[in-house]
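In what follows, a structure is listed as structure tokens, so that the remarks can point back to it.
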Amino acid sequence: MDNSKPCIVQHDRMVLLECGHCAFEEAREQLSFYAELVKSPSSFHTYRITPLSLWNAAALGWSATRVVDSLHSMSRWDVPLGLIQDIRDLVSRYGKLTLEVDPNVPYQLILKSADTQLMDEVIQRVGMLLLGMRRISMTEMAFHGARRGWMKQELTRLGYPVIDLAGYDDGQRLSFSWKEAGAKESFQLRDYQKDAVKAFEGLPGSGGSGVVVLPCGGGKTVIGMAVMERLQCETLILTSNTTSVRQWMDEIALKTTLVASEIGEYSGQRKEVKPVTVATYQILTHRRTKDSEFEHMKLFNERQWGLIIYDEVHLLPAPVFRATAEIQATRRLGLTATLVREDGCEQDVFSLVGPKRYDMPWRQLELKGWIAKVDCVEIRVPMSIDLKDKYHCAEGKHKFRIAAENPAKLTVISRILQQHPQSCVLVIGQYLDQLEWISASIGAPLISGKMSQQERNGLYDSFRRGEVRILVVSKVANFAVDLPDASVAIEVSGSFGSRQEEAQRLGRILRPKSADNRAYFYTLVTKDSKEEDFAIQRQMFLIEQGYEYAIQVQPDPDMLTSINMKDRYIKGGHILQ
DNA sequence: CACGGTGGAA
DNA sequence: TGAGCTCCACCGTG
């Protein structure tokens, strides 16, 4: 055993990383390339090496040897031989199969592999299902190009992801450029943004489809536009909501020579199809009734798109995968801050949009000063004795809510507000009752989905101007792209364990700060309740990105204090000005 | 036809 | 494990 090493590598593909070890940071960085974090109890982070995590590494150019060497250099004991073999096997599978066009038969593709045994297996496994597929030699199989996406999906499921070299249609040409240097709007791509664009383009023949992972505030729209600018073609942009649709349109009009008449909005309100069209996912998947057809999917074929951009690709809904399978000859760029999905469709993103081409760890952007340095604190707030009784008597499904709405959280909120007397603060939560109560108690306005868009905008503006220092916000914070930036966020409750949600919320305070470039993220969790477990699950993604949550445990309650507090509220008095 | 409100879907 | 929010289509108004 070698205690100078931070990891324990197990034969079941799990890797335990000791927190607080002096080589922790470096090991975390290495693991982030080829493993995914699955658990993070206090003393050891648990990573899992999965086929998909290895294939994404392979797509970034990692060899099996490099993965094994990396593990070996961090492992306390010898890396299990079985695991080494697994890694060699899995990594080698990536690219055993390639997809190319048949130079002789139009619309025909050829699946190739030097491994004839593998070819036999593929024929056996997918051959029956696919009409018109035929073997043309020991190492080659031909099929119709319309099945390209379907084939890639099947082969990934089979465990042999194919490298797609069949190329792309360039689509209708569209000439434009960045607004010229010297103009007021001119700007420079940051180095990492240039790298991301280059990584997406790949070497000639490869690239042209895949995912770029960047934190909130990393400039994803800029990367999308930069890819468009390189390709000079008509482009379809899909994104999550109408505000984001307008943002894309505004950004494009502002930074490029494209003019408004060339940029269309395809949403519930407008149905424009122009050389650059921005649409919501929701309109594509909209159906009048449960089993009528998707009437807007035709958008994919309404023009000769040369590029499709999937903004927030982690939200891509299942029916859009199906449509995506049919347009594999079109270049595809996925953009996201968190490639993790809670529904296990990572594999479909991988096979249909493409592998991860670029990933910038959040902490590296922080070091360079592109985003704020954030202190994350988890505060464990005990329940009063009354509440403990209520909690233990409640049925399973009510327990979580009782814990989440623990009124003792209010004292902590007040204390935090006092600690940051000058800062702009967002109080973010899940339950409207709780938020209304908090809003009334601290005398700060509440923004929820009930509030009209106009009223929201008014409050956003006051907040931006500094007239309102504290905003209480519901789940609107998860969606509202126009919510102003703050430097302190207090999460008072959250949903079961959505890693995405936590990332979104942290993203609200990541924009660089003028003075010391620091921000604070507090998450309030009721001690000894189910909420603790969900909090851990939520935090997973950010821990994977290298954030650490300092844990503060509040002393057990003085029962009188919390009763007093409730009385004061009921009498309508504000606890804090 | 521009609205605001309602109900269904995810 | 479920509450909350958004988006879309429809249907009234004036």
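By convention in this document, chain letters (A, B, ...) are assigned in the order of the sequence lines, proteins followed by strands, and residues within each chain are numbered from 1.
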Check your understanding: Checking side-chain contact (heavy atoms from CB on, under 4.5 Å) against A/Leu483, which of A/Ile428, A/Leu459, A/Leu426, A/Val476 comes through?
Key -> A/Leu426
Study note, to complete from the structure: From the candidates C/dA9, C/dG4, C/dT6, the one with an atom nearest any side-chain atom of A/Gln282 is C/dT6
Practice item. Name the residue closer to the 5' end of DNA chain C, choosing between A/Arg401 and A/Val476 according to the nucleotide with the nearest heavy atom. Key: A/Arg401
Practice item. Would you mind reading off the distance between A/Leu446 atom CG and C/dG4 atom P, rounded to a whole angstrom? Key: 11 Å
Review point. Roughly, in whole Å, what's the span from OH in A/Tyr431 to P in C/dT1?
Key: 14 Å
Check your understanding: Counting side-chain heavy atoms from CB outward, which of C/dT6, C/dG4, C/dC7 is closest to A/Lys475?
Key -> C/dG4
Practice item. Tell me what A/Thr285 touches on the nucleic acid: a base, only sugar-phosphate, or nothing, going by heavy atoms under 4.0 Å. Key: nothing
Study note, to complete from the structure: From OH of A/Tyr266 across to P of C/dC8 the rounded distance in Å is 10 Å
Point to revise | OP1 or OP2 of C/dC8 under 4.0 Å from side-chain N/O of A/Arg270 | key: no
Practice item. Using a cut-off of strictly less than 4.0 Å, decide whether A/Arg287 has a side-chain nitrogen or oxygen near OP1 or OP2 of C/dA9. Key: no
Review point. Given C/dC7, C/dT1, C/dT6, which nucleotide is nearest the side-chain atoms of A/Lys530?
Key: C/dT1
Check your understanding: Given C/dA9, is OP1 or OP2 found less than 4.0 Å from the side-chain N or O atoms of A/Lys271?
Key -> yes
Point to revise | Aromatic centroids of A/Tyr522 and A/His420 separated by under 6.0 Å | key: yes
**Study point:** Distance, rounded to the nearest Å, where A/Phe294 contributes CZ and C/dC7 contributes C1'
**Key:** 15 Å
Check your understanding: Is any side-chain nitrogen or oxygen of A/Thr242 closer than 4.0 Å to OP1 or OP2 of C/dC7?
Key -> yes
**Study point:** Atom-to-atom span, CZ of A/Phe479 to P of C/dC8 - whole angstrom
**Key:** 14 Å
Practice item. Please state whether the phosphate of C/dC7, meaning OP1 or OP2, lies under 4.0 angstrom from any side-chain nitrogen or oxygen of A/His296. Key: no
Review point. Between A/Trp437 and A/Tyr431, is the ring centre distance below 6.0 Å?
Key: no
Check your understanding: Can you check the A/Ile447 CD1 to C/dC5 C1' distance for me, whole Å?
Key -> 14 Å
Check your understanding: Quick one: does NZ or CZ of A/Lys399 land under 6.0 Å from the six-membered ring centre of A/Tyr391, within 45 degrees of the ring axis?
Key -> yes
Check your understanding: Given C/dG4, is OP1 or OP2 found less than 4.0 Å from the side-chain N or O atoms of A/Gln430?
Key -> no
Point to revise | Which nucleotide in C/dA3, C/dC8, C/dT6 has an atom nearest any side-chain atom of A/Thr280 | key: C/dC8
Check your understanding: Over how many whole Å does the gap from A/Lys450 atom NZ to C/dT6 atom P extend?
Key -> 13 Å
Review point. Rounded to whole angstrom units, what separation is found between the CD atom of A/Gln269 and the P atom of B/dC3?
Key: 11 Å
Review point. Heavy atoms under 4.0 Å, any strand shown: does A/Phe534 hit a base, just sugar-phosphate, or nothing?
Key: base
Check your understanding: Between the main-chain N or O of A/Glu378 and the side-chain N or O of A/Arg380, is there a donor-acceptor pair closer than 3.5 Å?
Key -> no
Exercise for review: For the side chain of A/His286, starting at C-beta, report the closest nucleotide among C/dG2, C/dT1, C/dA9.
Suggested key: C/dA9
Point to revise | Whether A/Gln193 side chain and A/Gly218 backbone form a donor-acceptor pair below 3.5 Å | key: yes
